[in-house]
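Working notes for the structure below.
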Amino acid sequence: MCFSATASFTASLSLSVLGIATLTQTTSKNQILLASFPLLFATQQFLEGMVWLNLDHQSSLLYSIGAYGFLSFATGVWLILCPVSVYLLEKDPLRQKVILTLTIIGLGLGIYLLSCVIREEVLATNYSGNLLYHLNLIYDFKFISFYEICKYLYLLVISLPFLISSQRLLMLFGILLILSFILADSFYQTTFISVWCFFAAALSSSLWVIFLDWKTYSPELKN
């Protein structure tokens, strides 16, 4: 599998169209955050497209906007938005408490990871057709074990809210999210950040189907 600026911009355009279509399927204000995921992923993929175009000009403003913008989503934004989006849709008190706890954990982890990115000069290279972001937290041997802990804690925070949701389709979405993680970690470990974000972006397109199903068959979600 080979990625490129074309792949990122194509994904961005496609997700933008699907994102608008998904938002039109919402029936309550509590659904808007989750429904906006395709548009947010479209933005993230557009930012990575900017990185691809400026790999040979890493001192440029466009490269900095692309790289730091992309990594802000990857290290901070999703850790907060994933649990919050499910929390807004959940009506079971016990599940809400668990998801709220995960949100707090995600906030702490997101602040830490994002601060690591901000403190560093982010360098990206084309590694076997994928983008490799050189971050000391990840690639310094001293931090490999800690990086693995952070990686699986990250997965827990963004996937468990979907898995414990009262909505069966969100449970399925959580399972697919974990499978995409396993695929990226197994075959693209070196360029894991870029590849998993691409997979997750593609997966977000399924939210249009989920919201269409809710609008058609789940009137209790319209409140």
(request) I would like to know whether Phe198 and Phe41 meet side chain to side chain contact (heavy atoms under 4.5 Å, CB included); could you show each step before the answer? (result) CA-CA 9 Å; Phe198 188 90; Phe41 271 113; over 6 Å; no

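- Leu131 pairs with exactly one of Phe3, Trp52, Phe70 by the side-chain contact (heavy atoms from CB on, under 4.5 Å) rule, that one being Trp52.
- Note that OG of Ser194 and CD of Gln44 are 9.0 Å apart. Values are rounded to the nearest 0.5 Å.
- Residues meeting the side-chain hydrogen bond (donor to acceptor under 3.5 Å, both in side chains) test with Asp92, sequence neighbours left out: none.
- Alongside Ile118, the hydrophobic cluster contains Leu114 (criterion: ILVMFWY side chains under 4.5 Å).
- The cluster map of Ile, Leu, Val, Met, Phe, Trp and Tyr, joined by side-chain heavy atoms under 4.5 Å apart, puts Ile111 and Ile193 in the same cluster.
- Counting non-hydrogen atoms of neighbouring residues, nucleotides and ligands closer than 6.0 angstrom, the OH atom of Tyr63 exceeds 12 such neighbours.
- In the hydrophobic clustering, Leu23 connects to Ile20, Ile32, Leu39, either directly or through intervening members, whenever side-chain heavy atoms lie under 4.5 Å apart.
- With Asn126 contributing its side chain and Gly129 its backbone, the two residues share a donor-acceptor pair below 3.5 Å.
- At a threshold of 4.5 Å between non-hydrogen side-chain atoms, the residues Cys150 and Leu153 do not count as touching.
- Side-chain contact between Leu34 and Leu88 is absent, with no heavy atoms from C-beta onward closer than 4.5 Å.
- Side-chain atoms of Gln96 come within 3.5 Å of backbone N or O of Glu90 as a donor-acceptor pair.
- In terms of heavy-atom proximity, Gly69 sits nearest to Leu47 at C-CD1, 3.5 Å.
- With Trp214 as the partner, the side-chain contact (heavy atoms from CB on, under 4.5 Å) test is satisfied by one option alone out of Thr27, Val209, Leu89: Leu89.
- With sequence neighbours left out, the ring pair (Phe, Tyr, Trp, His ring centres under 6.0 Å) criterion links Phe73 to Trp78.
- Cluster membership for Ile65 and Leu123, using ILVMFWY side-chain heavy atoms within less than 4.5 angstrom, is not shared.
- Partners of Thr26 according to the side-chain hydrogen bond (donor to acceptor under 3.5 Å, both in side chains) rule, which considers only residues two or more places apart in sequence or in another chain, do not exist here.
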(request) Before giving the answer on ring-ring contact (aromatic ring centres under 6.0 Å, His included), spell out for Phe199 and Trp196 the whole-Å C-alpha distance, their side-chain angles and the decisive distance to 0.1 Å. (result) CA-CA 5 Å; Phe199 287 166; Trp196 190 34; 9.4 Å; no

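- A donor-acceptor distance shorter than 3.5 angstrom exists from the side chain of Gln58 to the backbone of Leu55, with no hydrogens or angles considered.
- Side-chain contact between Tyr154 and Thr75 is absent, with no heavy atoms from C-beta onward closer than 4.5 Å.
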(request) For Glu120 and Leu135, run side chain to side chain contact (heavy atoms under 4.5 Å, CB included): C-alpha distance rounded to whole Å, both residues' side-chain angles, the deciding distance at 0.1 Å, then the answer. (result) CA-CA 7 Å; Glu120 296 185 28; Leu135 299 173; 3.7 Å; yes

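- Of all heavy-atom pairs spanning Ala42 and Ser12, the tightest one is O-OG, 2.8 Å.
- Nearest heavy atoms, Ala5 versus Gly49: CB-O, 4.1 Å.
- Residue Leu170 is grouped with residue Leu155 when hydrophobic side chains (ILVMFWY) are merged at heavy-atom distances under 4.5 angstrom, including chains of intermediate members.
- A chain of hydrophobic side-chain contacts below 4.5 Å, direct or via other Ile, Leu, Val, Met, Phe, Trp or Tyr residues, connects Tyr112 to Leu71.
- Between Arg95 and Ser165, every side-chain heavy-atom pair lies at or beyond the 4.5 Å cut-off.
- A distance of 13.0 Å separates CZ in Phe37 from CG in Leu15, rounded to the nearest 0.5 Å.
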(request) Check the pair Val98 / Ile164 against side chain to side chain contact (heavy atoms under 4.5 Å, CB included), numbers first and verdict last. (result) CA-CA 9 Å; Val98 174; Ile164 66 174; 3.6 Å; yes

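- In terms of modelled atom types and a separation under 3.5 Å, the side chain of Ser36 and the main chain of Leu33 share a donor-acceptor contact.
- Here NZ of Lys151 is found 14.5 Å from CG of Leu156. Values are rounded to the nearest 0.5 Å.
- For the atom pair SG of Cys82 and CD1 of Ile158, the computed distance is 5.0 Å after rounding to the nearest 0.5 Å.
- Inter-residue side-chain proximity for Ser159 and Phe162 is flagged as unmet; no heavy-atom pair is nearer than 4.5 Å.
- Taking every heavy atom of both residues into account, Ala21 and Gln25 meet most closely at O-CG, 3.4 Å.
- Neither Leu212 nor Met171 shares a network with the other; the hydrophobic side chains, linked directly or stepwise wherever heavy atoms of I, L, V, M, F, W or Y lie under 4.5 Å apart, form separate groups for each.
- In terms of heavy-atom proximity, Gly174 sits nearest to Leu163 at C-CD2, 3.7 Å.
- One N or O on the side chain of Ser204 and one on the backbone of Ala201 form a donor-acceptor pair closer than 3.5 Å.
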Mind listing the side-chain donor-acceptor pairs of residues 102-110 below 3.5 Å, one per line with the distance, residues two or more places apart or on another chain?
{"residue": "Thr103", "atom": "OG1", "partner": "Ile99", "partner atom": "O", "Å": "2.9"}

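- No side-chain donor-acceptor contact under 3.5 Å links Ser186 to the backbone of Leu183.
- Atom OG of residue Ser180 and atom CD1 of residue Ile175 lie 12.0 Å apart, to the nearest 0.5 angstrom.
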(request) Start with the C-alpha distance between Val51 and Leu62, add both sets of side-chain angles, then the distance that settles side chain to side chain contact (heavy atoms under 4.5 Å, CB included), and finish with yes or no. (result) CA-CA 8 Å; Val51 177; Leu62 289 178; over 6 Å; no

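- Pro38 is not listed as a side-chain neighbour of Trp208, based on a closest heavy-atom distance of 4.5 Å or more.
- Side chains of Tyr133 and Glu48: a donor on one and an acceptor on the other come within 3.5 Å.
- Between Phe181 and Tyr152, the distance separating the two ring centers is shorter than 6.0 angstrom.
- Panel note: side chain Ser72, backbone Tyr68; a donor-acceptor pair is recorded below 3.5 Å.
- For the pair Leu113/Leu79, a side-chain contact is recorded, criterion being any heavy-atom separation below 4.5 Å from C-beta on.
- To the nearest 0.5 Å, atom CZ of residue Phe9 and atom CG of residue Leu53 are 4.5 Å apart.
- Side-chain atoms of Pro161 and Tyr87, non-hydrogen and from C-beta on, never get closer than 4.5 Å to each other.
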